[in-house]
Amino acid sequence: MQRKYAIGFAFKLLGTLLCFTNASAGNSKPNVIILIADDMGIGDLSCYGGEVVKTRNLDKIAKEGLKFNRMYSMSSDTGTMAAIISGMYPVRKGLGKGSLGWSSFWSLAQSGGLSAEDPNIASLYASHSMKYQAVFMGRWDLGAGSQGQHLPGSTGFVSFYGTPMSHSPGCSSDTMFRFTDWDFFLLLLRQNQIVIASVALACILPRLFGIKREVSLILLIVMGGLSLVILRMYCWMGPLSPSSCVLYRDNVISEQPYQDEKMTQRITLEAVNYLKYRRSNTFFLMVSYLQPKYPAFSSEHFKNKSRIGPYYDAVLEIDWSVGKILQTLEKEGISNETAVIFLSDNGPQLIDIFTGNIIHSSMTGQKILHRGKQKIRLKGGKGSFYEGGIHIPAMMRWPGHINPGTETNVVTSVLDIFPTVIDISGIKKKYQFHKFDGESLVSLFENPKQNADAIHSTLFHIDDLTKPGSDWAVTAGDMKVHFTDSTLEKNSKSQRIPLIYNITTDPGETVALSVKDHAGLLYNIQLDMARSNLMAGGSDTSKTSQFDEIPYPWNVPCARSNFLFCHKKLDHKENFNSLFP
């Protein structure tokens with residue numbers, strides 16, 4: 001009898017040890033969820049001292065994990081997404097500002113995008129059998145391709161539900177902020193550029209070639225008409241066309257144009273259902289929101305909820321969505337086995353890039369750094385290398401590995417996401433040849449109180465591929481240096497004058513320090529930049545920008561086309577009741 005009990009006890013003990021071992025193994029190879037807001041300011045979250053609205057669910061991630069006080073993004077939507085996916089500076093992929101001035105993909109008709117051959121987070125998971133799944137939901141911003149070859153489903157993700165481009169005024173359902181390709185076309189006509197060019201050519205060519213007046217008039221009409229057609233087609237292919245507002249499920253169009261006010265609920269429902277009915281023990285999930293980017297939108301449940309404006313209604317809806325995802329992790333019993341990262345892709349957008357108008361404060365975020373009772377207004381906004389443009393909110397929770405309520409002032413970057421995921425995933429490093437510009441952040445889990453330059457001795461901010469020596473900046477520990485072309489009053493020649501700031505004592509970048517006193521710093525930065533091969537024309541950068549590629553109208557994905565307008569409604573009814581019990 002005693003022997004029987006002893007054998008039974010031994011089996012129970014063995015079972016307990018196996019369960020413990022499996023739990024430990026599962027926890028050492030966690031699921032990973034990355035949540036990305038669009039153009040959210042660091043002063044908008046209450047965990048960063050924001051006082052406008054309470055972001056309780058995002059605060060929960062910071063309270064239960066690690067908050068990054070000096071996380072930097074790239075200067076554009078595409079740039080940041082590329083850095084997260086690849087762990088490399090976007091200019092190495094030709095995803096830098098070109099001669100046309102664009103710093104993100106501006107047309108679905110462009111053929112460029114993230115290459116399926118380039119190693120990325122998703123392809124890393126895909127290379128390790130189907131028990132690892134990579135799923136993408138939300139805005140992509142890394143190109144589509146004429147056959148969808150650059151969409152997530154073609155670059156390693158097993159499924160995709162979302163949009164290929166960011167939200168634009170052409171996608172807005174609010175008539176107050178809606179600005180379509182027709183409006184842009186008329187705006188350009190009012191500027192008379194097309195008329196002046198046509199008249200000038202029609203007047204000059206006849207004199208050069210001795211053409212009669214009647215022929216000259218015909219030529220004027222033909223050239224003017226042709227110019228109008230080309231301009232109209234250009235406007236239609238751009239981000240302001242409703243045809244660019246495409247909702248995909250995998251590589252199939254579900255809705256065109258999409259209903260913006262439903263997008264966050266749709267993405268949230270997809271994420272919650274995936275977590276409930278997933279077929280993989282280990283997963284990598286990216287949720288990239290279309291909010292709170294200008295023009296901000298929200299569902300009926302959140303309109304006017306902030307009592308401030310559309311932007312903060314959108315912030316509250318993102319916070320709600322994050323809360324639903326966290327609750328689902330708890331209900332599914334996988335919260336402790338899942339690392340959750342939240343960040344913004346840029347600082348707040350301040351100027352409408354199409355009209356040049358200043359965006360009203362109700363439609364944009366706060367670039368305010370809170371230090372206790374002190375409120376420091378950051379300089380610049382989205383598109384600039386000043387703190388207001390690239391200093392973003394970011395936090396990470398991983399129970400059992402990151403101590404709750406910790407924060408770090410170490411300089412970190414969106415480039416570090418990929419190396420960190422590799423480090424914590426336990427996946428064998430297949431891509432040994434893949435050179436990262438980012439670094440793993442795992443060392444900060446144990447010791448977040450390191451020196452500011454513990455991860456990056458120099459962190460470069462550069463996005464221009466048009467010429468060597470274009471404007472750029474670099475963060476080196478406590479210091480930030482801007483290299484920009486300026487013309488001195490006493491010298492007509494353009495000279496590069498570095499502007500040096502101490503970000504620890506002067507995060508608003510208000511008082512430039514003496515160049516003479518920081519000669520050693522400047523020398524080391526220039527040396528590191530030369531080694532990095534990041535300047536235009538360097539051996540590790542593309543010489544041309546993918547954003548300069550000529551778009552072709554027939555590449556625009558079109559479900560069903562009327563003239564200059566593609567249209568498709570959802571073929572099923574939607575029900576979000578499960579999200580609002």
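Atoms considered below: every heavy atom in the structure, side chains included; atoms not considered: hydrogens, waters and symmetry mates.
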* Taking it one step at a time, do Arg377 and Glu387 satisfy salt bridge (Lys or Arg N to Asp or Glu O under 4.0 Å)? -> CA-CA 9 Å; Arg377 185 170 295 277; Glu387 295 290 291; over 6 Å; no
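- With no hydrogens or angles considered, a side-chain donor-acceptor pair links Asp506 and Thr510 at under 3.5 Å.
- For the residue pair His482 and Asp471, no side-chain donor N or O sits within less than 3.5 Å of a side-chain acceptor on the partner.
- Ser321 and Thr264 form no side-chain donor-acceptor contact under 3.5 Å, judged by distance and modelled atom types alone.
- Taking the six-membered ring for Trp and the full ring otherwise, the centers of Phe385 and Trp472 sit at least 6.0 Å from each other.
- Asp345 and Ser73 form no side-chain donor-acceptor contact under 3.5 Å, judged by distance and modelled atom types alone.
- In this model, no donor atom of one side chain and acceptor atom of the other lie less than 3.5 Å apart for Ser172 and Asp174.
- Aromatic rings of Trp106 and Tyr234 (six-membered ring for Trp) have centroids within the 6.0 Å cut-off, being under it.
- Closest heavy-atom contact between Ile392 and Ser344: CD1-O, 2.8 Å.
- Here the shortest heavy-atom pairing between Ala37 and Pro292 reads CB-CD, 4.4 Å.
- Checked by atom type, the side-chain pair Asn357/Asp352 shows no donor-acceptor distance below 3.5 Å.
- Each of Tyr289, Phe297, Tyr294, Phe177 was checked for a ring pair (Phe, Tyr, Trp, His ring centres under 6.0 Å) with His167, and the lone residue meeting it is Phe297.
- A donor and an acceptor atom, one from each side chain of Glu317 and Ser299, are located under 3.5 Å apart.
- Look at Asp59 and Arg56 and you find no salt bridge, because none of the NZ, NE, NH1 or NH2 atoms lies under 4.0 Å from a carboxylate O.
- How far OG1 of Thr505 is from CG of Asp478: 8.0 Å, rounded to the nearest 0.5 Å.
- Here the closest non-hydrogen pair linking Arg371 and Ile376 is CD-CD1, 3.8 Å.
- For the residue pair Asp260 / Ser173, a side-chain donor-acceptor distance below 3.5 Å is found, with atom types taken as modelled.
- Here the shortest heavy-atom pairing between Ala296 and Met363 reads N-CE, 3.0 Å.
- For Tyr386 and His391, the ring centers sit 6.0 Å or farther from each other.
- Taking the six-membered ring for Trp and the full ring otherwise, Phe179 and Phe354 have centroids separated by 6.0 Å or more.
- Remark: the Thr475 side chain and the His461 side chain contain an N/O donor-acceptor pair separated by less than 3.5 Å.
- Evaluated for a side chain to side chain contact (heavy atoms under 4.5 Å, CB included) with Val442, the options Ile422, Asp423, Ile402 yield exactly one hit, Asp423.
- Side chain of Thr163 to main chain of Val246: no donor-acceptor pair is present (N/O by atom type, distance under 3.5 Å, no hydrogens or angles).
- Looking at Ser384, its side chain never comes within 3.5 Å of a backbone N or O of Gly380 through a donor-acceptor pair.
- We find the OG-CG distance between Ser86 and Leu415 to be 7.5 Å, quoted to the nearest 0.5 Å.
- Closest approach of Gln291 and Ile318 over heavy atoms only: O-CD1, 3.3 Å.
- With hydrogens and angles ignored, the 3.5 Å screen pairs no side-chain donor or acceptor of Asp463 with any backbone N or O of Lys97.
- For residues 34-45, every residue pair satisfying the side chain to side chain donor-acceptor pair (under 3.5 Å) rule, not counting sequence neighbours, is listed here: Asp38-Arg139, Asp39-Lys382, Asp44-Tyr311, Asp44-Tyr312.
- In this structure, Glu261 contributes its side chain and Met263 its backbone to no donor-acceptor pair below 3.5 Å.
- Side-chain contact annotation: Thr180 with Asp183, donor-acceptor N/O pair under 3.5 Å present.
- Side-chain N/O atoms of Thr55 and Asp319 include no donor and acceptor closer than 3.5 Å.
- His360 and Ser362 share a donor-acceptor pair across their side chains, judged by distance under 3.5 Å alone.
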* To do: Please lay out, stage by stage, how Arg397 and Glu64 fare under the test salt bridge (Lys or Arg N to Asp or Glu O under 4.0 Å).
  => CA-CA 6 Å; Arg397 185 189 78 170; Glu64 297 177 354; 2.7 Å; yes
